[in-house]
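Working notes, structure below.
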There are 2 protein chains.
Amino acid sequence: MDFKMKKFRDINLKLTPQRLAIFEYLDDNKSHPSAEDIYLEIRKKYPTISFATVYKTLEALKKQGLLLELTIDPERRRYDPGTEHHHHLICIDCKKIVDIHADFRVDVPEDAKGSFEMLGNHIEFYGLCPECKKKG
Amino acid sequence: MDFKMKKFRDINLKLTPQRLAIFEYLDDNKSHPSAEDIYLEIRKKYPTISFATVYKTLEALKKQGLLLELTIDPERRRYDPGTEHHHHLICIDCKKIVDIHADFRVDVPEDAKGSFEMLGNHIEFYGLCPECKKKG
DNA sequence: TATTTAAGGATAATCATTATGGATTTTAAA
DNA sequence: TTTAAAATCCATAATGATTATCCTTAAATA
């Protein structure tokens, strides 16, 4: 976290208590929270924080490449502080998201990609988590 | 298309001109249109059609498995009448989406998936399309 | 500590999507 | 055909997530 604080300063972002709280909450967070999840959590400590602050902080983190915005839950955006390349498994029922750290060979055949310049990939796995499977 | 019309009847959906127009537009459509794209197109022929009708028709098609709802463009939902399993390549600039029909082995290691019941997967490739690459 | 400059917070605006409800059209049956 | 029942249409309002605005306040730095 110290490491990240430094990065903040380096990039001309002011360090405020609200940002630090968001930062701490996200650090090592594997729950892929939505903006609302973050807002509700931080509000416990800073009851006057507004959604605007949350969104603006997320935007800043994204710009620095410290945060990934996931487009996997159709209902809302999810945020992932994970930094190395990985994939996701989502429960189609409760929408829980789990990281998948594994290396897959997924090279698009030349004829399929045309003259696209390929930059990256992301695999979404769909399934039922143990809890939801139990419920039926 | 006849084939799909039959399906419509089979499933107790009334055939209306608006629905037929949406249907025709989607048939063999590889452009992954948004609801607005569809609305704007159909409006040329049926100037009074409303967004509600578009969304309800899309919903009906989804329920029958004739249409896939893509959560790949963070700004809006895209629709894909493609029926067999395939993946997508999206231009990070213009958001164009291209189908990738290829078979990838992407089996999640046992330890990574826990006791999830795996149901499917979808690979998103990111890149720059030829047009956007040219523009820089 | 003073000055500059960005951030915070309240709130309004926007945009995609969903819900509502009365008028209209389709379907199916007489 | 004619008609009754049911589903659809469309206009519009409601919702919910995200973004923009604007004024006040706080952080950085000399």
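Chain A is the first sequence line, chain B the second, and so forth, proteins listed ahead of strands; every chain is numbered from 1.
Within residues 47-55 of chain A, the residues having any heavy atom closer than 4.0 Å to DNA chain C are, in order of number, A/Thr48, A/Ile49, A/Ser50, A/Ala52, A/Thr53.
Separating the CD atom in A/Glu84 from the CG atom in A/Leu68 is a distance of 11.0 Å, to the nearest 0.5 Å. Rounding to the nearest 0.5 Å gives a distance of 11.0 Å between CG of A/Asp93 and CD1 of A/Ile90.
Taking atom NZ of B/Lys56 as the reference point, atom C1' of D/dA7 lies 10 Å away to the nearest angstrom. Rounded to whole Å, the distance from CD1 on A/Ile38 to P on D/dA17 is 14 Å. In this structure, CG of B/Leu58 is placed 15 Å from P of C/dA16, rounded to the nearest angstrom. B/Arg19 has its CZ atom 10 Å from the C1' atom of D/dC9, to the nearest Å. Per the geometry, CD belonging to B/Glu75 stands 16 Å off P belonging to D/dA17, to the nearest Å. Across the protein-nucleic acid pair, A/Lys14 atom NZ and D/dT25 atom P stand 15 Å apart, rounded to whole Å. For B/Tyr46 and C/dT24, the OH to P distance is 19 Å, given to the nearest whole Å. Here C/dA16 presents its P atom at 11 Å from CG of B/Asp37, a figure rounded to the nearest Å.
Counting non-hydrogen atoms under 4.0 angstrom, A/Glu59 reaches nothing in the nucleic acid.
Within the structure, every side-chain polar atom (N or O) of A/Thr16 is placed at least 4.0 Å from both OP1 and OP2 of D/dA27. A sub-4.0 Å separation between OP1 or OP2 of D/dA17 and a side-chain N or O of A/Arg78 is absent. Taking 4.0 angstrom as the limit, A/Arg76 places none of its side-chain polar atoms (N or O) nearer than this to OP1 or OP2 of D/dT15. Taking side-chain N and O atoms only, B/Gln18 has no distance below 4.0 Å to OP1 or OP2 of C/dT25. A sub-4.0 Å separation between OP1 or OP2 of C/dA16 and a side-chain N or O of B/Arg77 is absent.
Using cut-offs of 30° and 60° on the angle between ring planes, the pair B/His122 and B/His87 is parallel. Note on ring orientation: taking the six-membered ring where Trp is involved, the planes of A/His32 and A/His88 are perpendicular (angle over 60°, cut-offs 30° and 60°).
For A/Ala35, whose side chain is taken as the heavy atoms from C-beta onward, the closest listed nucleotide among C/dA16, D/dT18, D/dC9 is D/dT18.
Annotation: of the two residues near DNA chain C, A/Pro17 and B/Ser34, the 5′-most nearest-nucleotide partner is A/Pro17.
In summary, of the residues considered (B/Arg76, B/Lys63, B/Arg77), a salt bridge (Lys or Arg N to Asp or Glu O under 4.0 Å) with B/Glu69 occurs for B/Arg77 alone.
For the pair A/Thr53 (side chain) and A/Ile49 (backbone), a donor-acceptor distance under 3.5 Å is absent.
There is a path of hydrophobic side-chain contacts, each under 4.5 Å, that joins B/Ile72 to A/Leu119.
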